[in-house]
Peer 1: 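Got a structure here, written out as structure tokens. Questions coming.
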Amino acid sequence: MDNIDKAKKLLADAEVVIVTAGNGMAQIEGLDILAQEKFDQEFPTIAQKYDVHTIGDALDKKLTSWQEQWLFWSQLVQKYSLSYQPSKTMRQLKQLIGKKEYFIATSTFGHFFETAGFNKNRIFNAFGDWTKMQCSSGINHGLEDDRAVVAEFAAKNAADANLVPKCKVCGQPMELQMPLNEHFYPDTDANTRFRWFLTGNEDKRVVFLELGVDDTSPQLLEPIVQLVQQFPQWSYVAADLEEELLPDNLQDRSAAVGNGAAALIADLVQK
Ligand SMILES: [Zn+2]
């Protein structure tokens, strides 16, 4: 049996699917934080002023004012998330999961799975979600939706200080809910739901489906493989790994295909 057939069988036999989706999946959905080709053209002012040439580097940079910061964030969120259309791969993934129970743990922060119609209570955004905002004071004052703010900034297309969102508790400016500085507040409710989901499915036939996980989110790789090793009913299908990288005791219940998420999902949906 080749690995695709093995992956198909593991999927077909599974009662539960847990998707781990990383940077490669974000790229498929149109957001490549490491790409240099288009950044200078799309964000010439930021590129020139701050000497940054990728979205990742620009997100790491603290811009000089909150209004400039929010204008830039809004342009990003508007372009990559509010105008987002699910890719063919995303639509095929939905089809593949069908009516099975699922959970999605992802380092993609573009709100892609929610927009594609997956249940938001079955998604843990490990690296945050940039359609949400948190207080910048260093104290956790809760999460809020930022999409109305984004739409306002994007419509006005100006660094307007009056549009900068403020914390309802302490009045400090809000910031994107992403690990951009030392005070990032992960969604602990979603994390708890994920842990409960794992615990509740220890005895079920669970298949983990790794899609586009790479070095940018090691949390979704090694610890997940170790977790699968602990439960004999669980299996692992990897889009981006080669078989020899998986531990020996997983060989008979894993399929590492190594040709990327788009190719794997396309193969898996074919009967
Ligand atoms: Zn606050």
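Counting starts at 1 for both ligands and their atoms, in listed order. Please read all numbers here as calculations on a predicted model, not as lab measurements.
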Peer 1: Salt bridge check: are Lys6 and Asp2 linked by an N-O gap of less than 4.0 Å?
Peer 2: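 Salt bridge: no.
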Peer 1: One thing to verify: whether Glu101 and Lys204 come together as a salt bridge, which I'm taking to mean a side-chain N less than 4.0 angstrom from a carboxylate O.
Peer 2: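 Result for this pair is no, no salt bridge flagged.
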Peer 1: Between the side chains of Ser65 and Gln69, does any donor sit under 3.5 Å from an acceptor?
Peer 2: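 Not at all, the side chains of Ser65 and Gln69 share no donor-acceptor pair under 3.5 Å.
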Peer 1: Would you find a donor on one side and an acceptor on the other, under 3.5 Å apart, between the side chain of Ser83 and the backbone of Gln78?
Peer 2: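 It does hold such a pair.
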Peer 1: At what distance, to the nearest 0.5 angstrom, does CD of Gln172 lie from CH2 of Trp66?
Peer 2: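 Going from the CD atom of Gln172 to the CH2 atom of Trp66 covers 8.5 Å.
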Peer 1: Within a radius below 2.8 Å of the Zn ion (ligand 1), how many protein N, O or S atoms are present?
Peer 2: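 Total protein N/O/S atoms under 2.8 Å from the Zn ion (ligand 1): 4.
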Peer 1: Quick check on the 6.0 Å ring-centre criterion: do Phe194 and Phe103 meet it?
Peer 2: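 Yes, the ring of Phe194 comes within the 6.0 Å limit of the ring of Phe103, centre to centre.
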